[in-house]
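Owing to the predicted nature of the structure, the values given are computational and were not obtained by experimental measurement. Each chain gets a letter, A, B and so on, in the order the sequences are listed, and its residues count up from 1.
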Protein chains: 2
Amino acid sequence: MSTDLLQIGDVADRTGLSLRTIRHYEEVELLPEPQRSPGGFRLYSEQAVERLLLIKRMKPLDFTLEQMRDLIDIRDELARPRLGRARRSELTERLRAYHALVEHQLGRLRERVESAEAFARQLGDEID
Amino acid sequence: MSTDLLQIGDVADRTGLSLRTIRHYEEVELLPEPQRSPGGFRLYSEQAVERLLLIKRMKPLDFTLEQMRDLIDIRDELARPRLGRARRSELTERLRAYHALVEHQLGRLRERVESAEAFARQLGDEID
DNA sequence: GAGGAACCCTACCCTCACGTGAGGGTAGGG
DNA sequence: CCCTACCCTCACGTGAGGGTAGGGTTCCTC
């Protein structure tokens, strides 16, 4: 038996994403096209699930799907074994830039929490 | 002189919202139609600015513009002096419901921060 | 091997909260 | 009168999916 493949509904269950979302990610090439069953059903590997979980963790940072694709692709290429030194250091540089951006977005996210907390307190007070 | 009115650009500066956003809020009736200059320029009061700032604080909670309008309208009506007892308690009830929703959304927002932090750590580690 | 439940497919239109651009008018100083 | 900075409306575009129609596939059960 080949490594057990999942159909889209299983992937949705495992990731908490909707079918529509998963297909959409494929449309914009954030997720590679999966294999298909003879009848045309999408069949996903565990790798695909991991990629989706990674994307899900990234989502609150308000990146566009394109940025996420870019970032993940860099990361994936870096994980490959035989890679020229120049290429590797270029990729690392780009990843570092993304990391800075991530920290920045994280800051903004935290501000948003504070802003929301302020509103919640205000509302709480008004109710008495 | 009447209370000094601001034109839309000033309001944008003061609130950090874009002109387009402010006009959009008016389109969907989240913001009441402002006065106009003889030539048609929008002229806003300080009250309008406050309403926008309130909206801005509310935004991270991912409410729809319609929900915000509803919530703010309730709050505004509650702030009015002569209000029947029945009406008042109905409004308070609705406000309380929103408050619960706010707390709920706040929880989700905090989860998102954690999720994003996890991602940031992971990325940081991968870079070394 | 016939049925049927549960699942999946594509194609398409819809939503929400704005962004963007074209084309043109207004405010107010020189 | 002219200039610059600012404003106006109108209309279409965008990103990230949601929803639905109409139909095919898998697989279990009889």
Side-chain angles (χ1 to χ4, degrees), chain A residues 1-2 4-31 33-45 48-49 51-52 54-72 105 108 112, chain B residues 1-2 4-31 33-45 48-49 51-52 54-72 105 108 112 115-116:
Chain A
M1 57 194 73
S2 56
D4 40 327
L5 296 172
L6 308 165
Q7 48 187 55
I8 195 167
D10 303 329
V11 174
D13 289 347
R14 238 152 272 211
T15 59
L17 300 171
S18 74
L19 305 199
R20 186 66 183 85
T21 297
I22 296 170
R23 292 193 195 111
H24 183 63
Y25 288 175
E26 179 182 334
E27 278 172 33
V28 301
E29 289 171 274
L30 175 54
L31 196 63
E33 284 187 29
Q35 293 180 234
R36 299 280 186 145
S37 77
F41 284 24
R42 288 175 178 78
L43 295 175
Y44 295 93
S45 65
V49 174
R51 185 160 176 136
L52 285 171
L54 183 64
I55 291 166
K56 211 187 164 192
R57 243 170 291 142
M58 227 183 295
K59 265 180 65 181
L61 292 169
D62 275 336
F63 284 4
T64 66
L65 299 187
E66 201 178 331
Q67 285 177 307
M68 295 196 213
R69 180 184 53 200
D70 192 28
L71 201 168
I72 298 184
Q105 290 293 87
R108 301 204 343 145
R112 294 178 60 182
Chain B
M1 61 196 66
S2 58
D4 40 328
L5 297 172
L6 310 164
Q7 46 188 58
I8 195 167
D10 303 330
V11 174
D13 290 348
R14 239 151 271 209
T15 58
L17 299 170
S18 74
L19 305 197
R20 183 64 180 90
T21 297
I22 296 169
R23 292 193 195 110
H24 181 64
Y25 288 174
E26 179 183 334
E27 279 172 32
V28 301
E29 289 170 273
L30 175 53
L31 196 63
E33 284 188 28
Q35 291 180 235
R36 298 279 186 145
S37 77
F41 284 22
R42 288 174 178 78
L43 295 175
Y44 296 92
S45 66
V49 174
R51 185 160 175 136
L52 285 172
L54 182 64
I55 291 166
K56 211 188 163 191
R57 243 169 290 140
M58 225 183 297
K59 265 179 67 179
L61 292 168
D62 277 337
F63 284 5
T64 66
L65 299 187
E66 201 178 331
Q67 284 177 308
M68 296 195 211
R69 179 184 54 203
D70 191 30
L71 200 169
I72 297 183
Q105 290 292 87
R108 302 203 342 146
R112 293 178 60 181
S115 173

Worksheet item: Under the side-chain contact (heavy atoms from CB on, under 4.5 Å) test, which residues partner A:Pro60, sequence neighbours left out?
Response: A:Leu109, B:Arg112, B:Ser115, B:Ala116
Dump every N/O contact between nucleotides 25-29 of chain D and the protein below 3.5 Å, one line per pair.
unit_1 : atom_1 : unit_2  : atom_2 : d
D:dT26 : OP1    : A:Ser37 : OG     : 3.0
D:dT26 : OP1    : A:Gly39 : N      : 2.5

Worksheet entry | B:Met58 versus B:Leu71, closest heavy-atom pair with distance | SD-CD1, 4.2 Å
Fill in: For A:Leu17 against A:Leu52, the heavy-atom pair lying closest together
CD1-CD2, 3.8 Å
Worksheet entry | Residue whose closest nucleotide on DNA chain D lies nearer the 5' end, A:Leu19 versus B:Leu43 | B:Leu43
Fill in: Bracket notation of DNA chain C in which parentheses pair within the strand, [ ] cross earlier pairs, and | pairs with another strand (Watson-Crick or G-U, under 3.5 Å)
||||||||||||||||||||||||||||||
Worksheet item: In Å and rounded to the nearest 0.5 Å, what is the CD to CD1 distance from B:Glu27 to B:Ile22?
Response: 12.5 Å
Fill in: Side chains of A:Arg36 and A:Leu43 in contact at under 4.5 Å (non-hydrogen atoms)
no
Item to complete: Just jot down the side-chain contact (heavy atoms from CB on, under 4.5 Å) partners of B:Leu19, sequence neighbours excluded, or say none.
Response: B:Ile8, B:Ala12, B:Arg23
Discussion item. Please give me the minimum heavy-atom distance between B:Tyr44 and B:Gln7, naming the atom from each residue.
Written reply: CD1-C, 4.3 Å
Worksheet entry | B:Val11 side chain reached by B:Arg42 side chain, heavy atoms, under 4.5 Å | no
Worksheet item: Do you know which two heavy atoms are closest between A:Lys56 and A:Thr15, and how far apart they sit?
Response: NZ-O, 3.0 Å
Discussion item. Under 4.0 Å from a heavy atom of chain B: give me the 5'-most and 3'-most nucleotides of DNA chain C that qualify.
Written reply: C:dA17 to C:dA27
Worksheet, complete the sentence: A:Glu29 meets the side-chain contact (heavy atoms from CB on, under 4.5 Å) criterion, sequence neighbours left out, with A:Arg69
